[in-house]
2 protein chains.
Amino acid sequence: MVGVVGRMVGIKDVARQAGVSVGTVSNVINRPEMVAETTRDRVQAVIERLGYVRQESARQLRAGRSRIIALLVLDMANPFFVEVARGAERAAREAGLGVMVCNSAQSLEEEADYLGLFAEHRVRGVLVTPADVTGTNLEGFRRHDIPFVFVDREVPSGDACSVSVDDVEGGTLAGRHLIAQGHRSVVYVSGPMQLPQCQDRRAGLLAAFAEEGLPAEAMVHIEAERLDVASGRDAGARLLGISPRPTAVFCANDLLALGVLQALFAAGVSVPGEVALVGYDDIEFAAAAAVPLTSVRQPAFRMGRAAAELLIEETGEGADGHQHRRIVLQPELVVRDSTFAPRPAG
Amino acid sequence: MVGVVGRMVGIKDVARQAGVSVGTVSNVINRPEMVAETTRDRVQAVIERLGYVRQESARQLRAGRSRIIALLVLDMANPFFVEVARGAERAAREAGLGVMVCNSAQSLEEEADYLGLFAEHRVRGVLVTPADVTGTNLEGFRRHDIPFVFVDREVPSGDACSVSVDDVEGGTLAGRHLIAQGHRSVVYVSGPMQLPQCQDRRAGLLAAFAEEGLPAEAMVHIEAERLDVASGRDAGARLLGISPRPTAVFCANDLLALGVLQALFAAGVSVPGEVALVGYDDIEFAAAAAVPLTSVRQPAFRMGRAAAELLIEETGEGADGHQHRRIVLQPELVVRDSTFAPRPAG
DNA sequence: GCACACAAATGAAATGTTTCAAGACGGATT
DNA sequence: AATCCGTCTTGAAACATTTCATTTGTGTGC
């Protein structure tokens with residue numbers, strides 16, 4: 001029960017007890033190599049004995065910025081972003097930094113709130129998947145001199161780093177695979193088409209069609225309200241109403257695909273027997289579905305990691321002449337049961 | 001491009017420009033009602049114009065503690081904990097606090113690291129699901145006078161608050177349901193039996209057996225290595241090797257259940273036709289499985305919320321005579337297709 | 001015109017670190 | 001003995017805020 005009474009023990013108390021100056025205690029903590037061994041040991045012992053813990057806020061005050069990077073994602077309920085967070089956290093810890101993970105839940109208001117919070121905390125930088133397609137929130141944020149890196153979004157102008165995945169290519173991979181399985185028509189289940197992701201994946205699908213000489217009309221588009229399982233279920237129901245019944249479905253993310261799968265299953269439609277299904281993201285639950293889902297894998301962990309690394313590079317020591325960079329990672333098709341041995345459509 | 005050159009604008013700059021003292025600026029920000037309206041407006045205008053943002057670290061330094069509560073969970077890949085986090089975040093924001101979510105990944109080392117980090121940050125308090133069953137990490141943490149609340153764990157001695165769910169009751173709910181469906185034997189797929197959760201749910205299941213006059217031997221126990229889908233798949237394979245084939249399976253969490261479901265599906269075993277399956281937690285993916293899972297719902301959001309509220313109460317203004325409290329929430333059985341109309345076993 | 005009350009504004013102290021120029025100490029070189 | 005050098009150590013300044021005991025200002029009642 002040390003410290004229950006009285007105030008917190010500070011560097012001064014340690015200095016007094018160890019019979020040295022505060023500067024020396026600070027050196028023991030931050031640059032032990034420049035303190036004589038005997039002194040160092042003595043101070044260390046006192047630190048232990050008193051249970052001294054450095055106060056980060058004072059440290060930050062002096063340093064002018066914190067040792068935290070912020071990660072602002074669209075949807076923590078989506079395992080994809082959890083994976084991104086893991087990657088960012090890994091890179092941050094290697095650099096001795098902490099990560100503050102926040103969920104904008106796609107709300108502009110929440111996003112703005114959090115950006116304000118980050119500014120007050122003088123975070124080292126922000127990794128962000130903007131909810132704000134127009135960029136107004138971020139525009140205001142620039143004033144604070146806090147660098148940010150876009151995650152899972154390409155940024156047109158070169159005023160920030162970005163890490164994204166080639167979504168057009170991802171769509172193409174899915175399209176080629178389905179066409180190679182003999183399908184001549186594909187239903188594309190997307191989320192809101194404002195999202196660049198949804199646009200790009202569609203474009204990629206159409207590119208695959210073009211490659212194989214299929215007309216754009218071979219794509220039937222169902223636009224779901226949100227990128228979640230419930231919306232996927234709805235989309236699945238709508239899909240079942242189409243006649244003749246589609247034989248191939250490509251979903252803009254795995255949550256939608258799981259919803260569609262459920263709807264198909266409930267209607268007694270066999271996957272992949274009657275309908276082939278491709279998802280996107282390759283979250284763990286895609287592989288874990290009753291019928292393991294074929295999915296376009298996004299390197300989520302690597303994306304989070306790369307984004308954090310870019311930020312650390314930008315805010316590091318010799319970061320005078322930092323050039324913003326765009327990293328585009330490549331997706332990968334993971335074939336599983338949900339597109340295995342489909343019955344070619346006429 | 002304000003502030004790109006020169007240093008950060010502080011309260012002093014605002015004071016100078018507005019022709020008032022720093023104390024007044026501080027008052028405008030923190031207790032606007034004690035500043036004359038005209039002054040207030042003038043200061044506000046300058047704040048806007050200069051883009052002043054309060055520096056949290058200085059504020060904290062003065063206050064002695066931060067405005068952040070930490071949440072340390074076992075597994076962020078488990079949607080259950082994501083939901084807990086959401087609940088905690090909600091309560092925290094209502095109190096004007098931030099939440100720092102961290103993932104111990106069940107590693108004692110990570111847990112210790114994070115606790116150290118929290119101490120340095122002088123967090124307001126910690127909500128924790130200890131990875132450390134023995135409590136050594138937390139024992140050391142007590143020295144820092146940082147209060148904590150146990151989440152999803154009951155604490156025997158009364159030296160901290162806790163919020164948990166009655167796991168024995170949950171096991172009983174599952175057991176009664178399966179017995180009512182005519183099953184006379186149940187396979188219990190658990191995670192590591194050191195975990196109190198796994199013990200309690202088993203105890204609950206046995207209690208249901210006892211109620212109905214079934215012997216304890218009617219329970220076959222499969223202990224999985226971890227509480228995740230892959231382990232569930234393994235458990236499913238082991239389960240299929242049992243002869244005669246079990247007709248009812250109760251899993252200690254939904255991830256395990258999804259793994260089992262997949263294994264059964266791959267083997268062509270019909271759920272619920274041949275085997276009834278009950279999970280635990282009722283994560284979103286349980287309802288979203290191809291065969292929607294019957295599951296024991298834990299009020300995860302409420303749990304996170306209640307925990308944060310307890311902490312806020314403990315660290316609030318009039319918290320002199322705080323009495324530690326234990327809140328035990330009740331689970332609820334959500335019946336879905338995976339246990340519907342099973343074929344009674346002999 | 002004086003005392004008093006009240007509101008509003010002030011300015012200095014305090015918070016716990018890090019950093020850095022300067023000082024102290026010993027030993028080696030002249 | 002004086003000088004220099006290198007290694008350790010020191011002590012004070014700086015960081016940006018909040019708080020609080022004072023001061024200033026203004027109107028009111030006598």
Side-chain angles (χ1 to χ4, degrees), chain A residues 3 6-44 46-47 50-68 96 119-123 144-145 317, chain B residues 3 6-44 46-47 50-67 96 117 119-123 144-145 317:
Chain A
R7 65 186 211 319
M8 207 47 94
V9 13
I11 211 175
K12 281 202 198 111
D13 306 280
V14 175
R16 188 161 356 100
Q17 295 253 348
V20 297
S21 73
V22 292
T24 300
V25 177
S26 177
N27 282 336
V28 168
I29 297 168
N30 300 302
R31 314 120 106 168
E33 73 284 358
M34 36 163 59
V35 178
E37 196 178 341
T38 68
T39 319
R40 199 193 316 147
D41 292 349
R42 186 155 36 100
V43 173
Q44 278 292 8
V46 176
I47 287 179
L50 264 48
Y52 165 76
V53 181
R54 162 168 68 192
Q55 182 146 350
E56 186 63 24
S57 59
R59 196 184 189 206
Q60 275 177 32
L61 174 57
R62 187 76 227 284
R65 63 178 182 179
S66 84
R67 306 180 54 74
I68 288 184
E120 290 195 346
H121 279 265
R122 300 289 192 276
V123 294
H144 305 311
D145 279 351
E317 306 307 311
Chain B
R7 65 187 210 318
M8 207 47 94
V9 11
I11 212 174
K12 282 203 199 107
D13 306 281
V14 175
R16 188 161 355 98
Q17 294 253 350
V20 297
S21 73
V22 292
T24 300
V25 177
S26 177
N27 282 336
V28 169
I29 298 167
N30 301 301
R31 315 120 106 166
E33 73 285 357
M34 33 165 62
V35 178
E37 197 177 340
T38 68
T39 319
R40 199 193 316 147
D41 292 349
R42 186 154 36 99
V43 173
Q44 278 291 7
V46 176
I47 287 179
L50 265 48
Y52 165 75
V53 181
R54 160 168 72 193
Q55 181 144 352
E56 187 62 24
S57 59
R59 195 182 190 210
Q60 276 178 32
L61 173 57
R62 187 81 228 285
R65 63 178 182 178
S66 84
R67 307 179 54 72
L117 187 71
E120 290 195 347
H121 280 265
R122 301 290 193 275
V123 295
H144 305 310
D145 280 349
E317 306 307 310

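Residue numbers start from 1 in every chain, and the chains themselves are labelled A, B, ... in the order their sequence lines are given, proteins ahead of strands. Computed from a prediction, not measured in an experiment: that's the story for all the values here.
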- Task: Considering only NZ, NE, NH1 and NH2 on the basic side and carboxylate oxygens on the acidic side, decide whether B:E56 and B:R59 come within less than 4.0 Å.
- Result: yes
- Specify the residue among A:G10 and B:T24 whose closest nucleotide of DNA chain C lies further upstream toward the 5′ end. B:T24
- Message: Please give me every residue in residues 27-37 of chain A whose heavy atoms get under 4.0 Å of an atom in DNA chain C, ordered by residue number.
- Response: A:N30, A:R31
Closest approach to the side chain of [X], judged atom by atom: which nucleotide of [options] is it?
| X | options | result |
| --- | --- | --- |
| A:S21 | C:dA9, C:dG16, D:dT10 | D:dT10 |
| A:R59 | C:dT18, D:dA16, C:dT10 | C:dT18 |
| B:Q55 | C:dT17, D:dC15, D:dT17 | D:dT17 |
| A:V22 | C:dG16, C:dT18, D:dT18 | C:dT18 |

- Sort out for me which residue in A:V35, A:V20, A:V28 forms a side chain to side chain contact (heavy atoms under 4.5 Å, CB included) with A:R42. A:V20
- Message: Is it the case that C:dT15 (base atoms only) and B:R62 (side chain only) share a donor and an acceptor within less than 3.5 Å, ignoring hydrogens and angles?
- Response: no
- Query: Contact class for B:T39 vs. all strands (heavy atom < 4.0 Å): base, sugar-phosphate, or nothing?
  - Reply: sugar-phosphate
- Take the protein atom CD of B:E56 and the nucleotide atom C1' of C:dT15, then report the distance between them rounded to whole Å. 14 Å
- For the residue pair A:H121 and A:S66, what are the closest heavy atoms and their distance? O-CB, 3.5 Å
